[in-house]
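Worksheet: the structure to be examined is printed underneath.
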Amino acid sequence: VNIEGTGIGPPTPQGARLTAQGTLQTTLGGVQVRVDGIAVPLLYAQRDLLQAQVPYRLPSTGTVALEVFREGRLIQKRTADLARVAPAIF
């Protein structure tokens, strides 16, 4: 999912990084995204754009809380509607 907003990300672009366990980190450049309180893996972070992986364990429809933290401080909070998708390669 793309999350856009002025100054929500780090000043220097950050790409995905793996943990020692081989999973994507949930913090990049001091930024963390939580969906319904769950810290989600980050794929990319820059000044005005964050890209995060939405957990598969969320319900396929409904509304979730989306929070962006920077240096441990809540800087953006909103709700997001979930919708069923059928990814495919074209």
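Not measured: the values here are computed from a predicted model.
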Exercise. May I ask you to check whether Thr6 and Asp48 show a side-chain donor-acceptor distance below 3.5 Å?
Key: no
Quiz item: Are Leu42 and Leu24 close enough that some pair of their side-chain heavy atoms sits under 4.5 Å apart?
Solution: no
Quiz item: Given Gln21 and Thr19, is the side chain to side chain donor-acceptor pair (under 3.5 Å) satisfied, shown in steps?
Solution: CA-CA 5 Å; Gln21 295 77 28; Thr19 66; 3.2 Å; yes
Self-check item: Pairwise side-chain contact, Leu66 with Thr79, heavy-atom cut-off 4.5 Å (strictly under)
Solution: no
Exercise. To the nearest 0.5 angstrom, please state how far the CZ atom of Arg34 sits from the CG atom of Leu74.
Key: 8.5 Å
Exercise. Grab the two heavy atoms, one from Pro10 and one from Gly29, that are nearest each other, plus how far apart they are.
Key: CB-O, 3.6 Å
Practice problem: Give, for atom CD of Glu67 and atom CD of Gln32, the distance between the pair rounded to the nearest 0.5 Å. | Solution: 9.5 Å
Self-check item: Pairwise distance CD(Gln46) to CD(Glu4) - rounded to 0.5 angstrom
Solution: 9.5 Å
Practice problem: State yes or no: do Leu82 and Val33 share one hydrophobic cluster built from I, L, V, M, F, W and Y residues joined by side-chain heavy-atom distances below 4.5 Å, directly or via other members? | Solution: yes
Quiz prompt | Thr27 versus Gln25, side-chain donor and acceptor atoms under 3.5 Å | solution = no
Self-check item: Taking every non-hydrogen atom, the tightest pair across Gln76 and Gly5
Solution: NE2-CA, 4.4 Å
Quiz prompt | Any donor-acceptor N/O pair, Asp36 side chain to Ala65 backbone, under 3.5 Å | solution = yes
Quiz item: Do Val64 and Ile75 belong to the same hydrophobic cluster, where Ile, Leu, Val, Met, Phe, Trp and Tyr are linked whenever their side-chain heavy atoms lie under 4.5 Å apart, directly or via other members?
Solution: yes
Quiz prompt | Smallest separation among heavy atoms of Pro13 and Tyr44, with atom names | solution = CB-OH, 3.4 Å
Quiz item: What is the distance from atom CD of Gln53 to atom CG of Leu43, rounded to the nearest 0.5 Å?
Solution: 6.0 Å
Quiz prompt | Thr23 side chain reached by Leu18 side chain, heavy atoms, under 4.5 Å | solution = no
Practice problem: Drop me the distance from Phe69's CZ to Ile8's CD1, to the nearest 0.5 angstrom. | Solution: 13.5 Å
Exercise. Could you grab the distance from atom CD of Gln51 to atom CG of Leu28, nearest 0.5 Å is fine?
Key: 10.5 Å
Quiz item: Do Ile3 and Val68 touch side chain to side chain, with heavy atoms closer than 4.5 Å?
Solution: yes
Practice problem: Decide yes or no on side chain to side chain contact (heavy atoms under 4.5 Å, CB included) for Leu50 and Asn2, but give the supporting numbers first. | Solution: CA-CA 6 Å; Leu50 305 175; Asn2 284 345; over 6 Å; no
Practice problem: Indicate the atoms forming the closest heavy-atom contact of Thr26 with Pro41, along with that distance. | Solution: CG2-N, 4.0 Å
